[in-house]
There are 2 protein chains.
Amino acid sequence: MKLITRNTDYALRAACYIAAQRQRTVSVPELVNKLRIPRQFLRKILQVLNQHNILLSHKGTGGGFILARPADKIFLLDLIRIFQGGLKINKCMFKKSPCPNVKSCALRKRIIKIEEFAYSQFKRVTLSVLMKASKKANVK
Amino acid sequence: MKLITRNTDYALRAACYIAAQRQRTVSVPELVNKLRIPRQFLRKILQVLNQHNILLSHKGTGGGFILARPADKIFLLDLIRIFQGGLKINKCMFKKSPCPNVKSCALRKRIIKIEEFAYSQFKRVTLSVLMKASKKANVK
DNA sequence: TGTAATGATACCATAATAGTATCATTTGTC
DNA sequence: GACAAATGATACTATTATGGTATCATTACA
Ligand code: FES
Ligand code: FES
C-alpha cells in the first residue's frame, strides 16, 4: 500500500529542484537531465502543477517553470491532493454487515484517526523543509 | 489509496460471521448466502485464513470453518499482514535526490510515524471488538 | 520566420487487485 | 462401498489504477 504514488513523488522532486533555483525558470530538458524522470511523464505532471497554481509556466525559447509561491507555502499535502485526490483513505468496507452505518464502529473510528493523522503529518512537510533536509545531506 | 483491500475486508466479514456462530462449523454456501461474497473468491480467502491458522477447516459433508482461536485473539492487523503483506506503507521515494539516505529527512520521518500509528490503531481492532460494534447496531 | 519551449490530449503498457473455473481430496451418510 | 457435500490446490481471466508515450497545437523570443 502506497501513501505516495510516483506522480506525487516526481512532482515533489521537480518542485524541490525548481525551488532551489530561486527565480530562474527551469525547463523540462534541464529537469530531465538532472532528475532522470521520463520526459513526457514529467511534462504532464508539470502541466498539472501549473493548472493547480503550484508552478507558473513560461512558454517559448528560454521558457520553463518557476514556483508560483514561496517554498514554505507549498505543502506535500497539496501535491497528494492533486495527484491522489486527497488521501480519502477509506470509505468503510463493511457495506452491510457487521456495521451498517454505525458511528460507534471501532474500525471506522480507527480508519478516520489514521487518516487524520496522515493529514496532519503531511501538512507539516513543505518544499522548504525538504530542501533543508537535502542540504544537510549534501554537506554532511 | 486503500488502507484495507477487499481481500482483507471479506476475510474480516467472514471471520466475524464465523466467530458469531461459536463452535459451529460454517460452510462456504452458508457464508455466501449470508454475506453475498463471490463464492470462489471467498473460498480462496478462507483457504488462506486456514493456512495462516486463523481458521480451522473441516472437510466433507457438514464440514466448514471455525475460528482457530478466540475472537479477541484475532487482530485486524493479522489479516492485513496476510492479505496485504503488512502495511509496508512506503519505502522512501526520493531514491537519489533530495535525501540520499538521511536519517533526518522530514518526509521519511513522517512516513514512518504514519506507519507506526496505523499499526497501533489496527492492533486494537479484534474480531470481538467488531462484533460488539455490530451487536449494538442491530439492537439499536 | 524559425526554433525552443509549454498546452492539450489521446493513446499504450504494466502491475495490482478482484474474480472464476476446474479437478483432486477428504469425510460423513446411506 | 458408493455417493454427495464439503474443502484443497492451482491455474486462469477480468478490471482497474498507475505509469508512461506520442503527437500536434500554441506561444514567445531571437
Ligand atoms: S465496519 Fe464500517 S461502520 Fe463498522
Ligand atoms: S525523501 Fe527519502 S530520505 Fe528524505
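As the structure is a computational prediction, the values presented were derived from the model and not from experiment. Order of the sequence lines sets the chain letters (A, B, ...), proteins ahead of strands, with each chain counted from 1.
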Legend entry - Residue-phosphate contact under 4.0 Å: A/His58 side-chain N/O, C/dA4 OP1/OP2: no
Inset, instruction - Let me know the distance between CZ of B/Arg6 and C1' of D/dA14, rounded to the nearest Å. - result: 13 Å
Legend entry - Residue mapping more 5' on DNA chain D - nearest nucleotide basis, A/Thr8 or A/Gly62: A/Thr8
Inset, instruction - For A/Leu56 and C/dT6, give me the distance from atom CG to atom P, rounded to whole Å. - result: 13 Å
Inset, instruction - Can you tell me the distance, in whole Å, between the CG atom of B/Leu46 and the P atom of D/dA9? - result: 13 Å
Inset, instruction - Test B/Arg69 against every option in B/Asn53, B/Ile54, B/Leu127, B/Leu56 by the side-chain contact (heavy atoms from CB on, under 4.5 Å) rule and name the one that passes. - result: B/Ile54
Inset, instruction - Whole angstrom is fine here: how far is it from CZ in B/Phe41 over to C1' in D/dT15? - result: 12 Å
Inset, instruction - Spell out, as yes or no, whether a donor-acceptor pair under 3.5 Å connects the side chain of B/Glu30 to the backbone of B/Gly64. - result: no
Legend entry - d(CG, A/Leu3; P, D/dT18) in whole Å: 13 Å
Inset, instruction - Look at the rings of A/Phe117 and B/Phe117 and say which category their plane angle falls in: under 30° parallel, 30 to 60° tilted, over 60° perpendicular. - result: parallel
Legend entry - Short side-chain N/O contact from A/Tyr10 to OP1 or OP2 of D/dG19, under 4.0 Å: no
Inset, instruction - Output yes when A/Arg110 and A/Glu115 qualify as a salt bridge under the 4.0 Å nitrogen-oxygen rule, no when they do not. - result: no
Legend entry - Interatomic distance where NZ belongs to B/Lys59 and C1' belongs to D/dT7 [whole Å]: 6 Å
Inset, instruction - Give a yes/no answer on whether the side chain of B/Asn7 brings an N or O atom under 4.0 Å of OP1 or OP2 in C/dT17. - result: no
Legend entry - Phosphate OP1/OP2 of D/dT7 contacted by B/Asn50 side-chain N/O (<4.0 Å): no
Inset, instruction - Report yes or no: is there a donor-acceptor pair, N or O only, under 3.5 Å between the side chain of A/Lys44 and the base of D/dG20? - result: yes
Legend entry - Nearest-Å distance for atom pair CZ/P, residues A/Phe65 and D/dA28: 14 Å
Inset, instruction - Go through the N and O atoms of the side chain of A/Arg43 and the base of C/dG7, and report whether any donor-acceptor pair is under 3.5 Å. - result: yes
Legend entry - Gap between atoms CD and P, on A/Gln40 and C/dA13 respectively (whole Å): 16 Å
Legend entry - Distance test, side-chain N/O of B/Thr5 to OP1/OP2 of C/dA16, below 4.0 Å: no
Inset, instruction - From the options C/dT6, D/dG20, D/dT7, select the nucleotide whose nearest atom is closest to the side chain of A/Pro38. - result: D/dG20
Legend entry - B/Ser27 side chain near D/dT7 phosphate (N/O to OP1/OP2, under 4.0 Å): no
Inset, instruction - From the options A/Asp78, A/Leu49, A/Ile4, select the one residue that forms a side-chain contact (heavy atoms from CB on, under 4.5 Å) with A/Phe83. - result: A/Leu49
Inset, instruction - Quick one: label B/Gln51 by what it contacts on the DNA or RNA (base, sugar-phosphate, nothing), any heavy atom closer than 4.0 Å. - result: sugar-phosphate
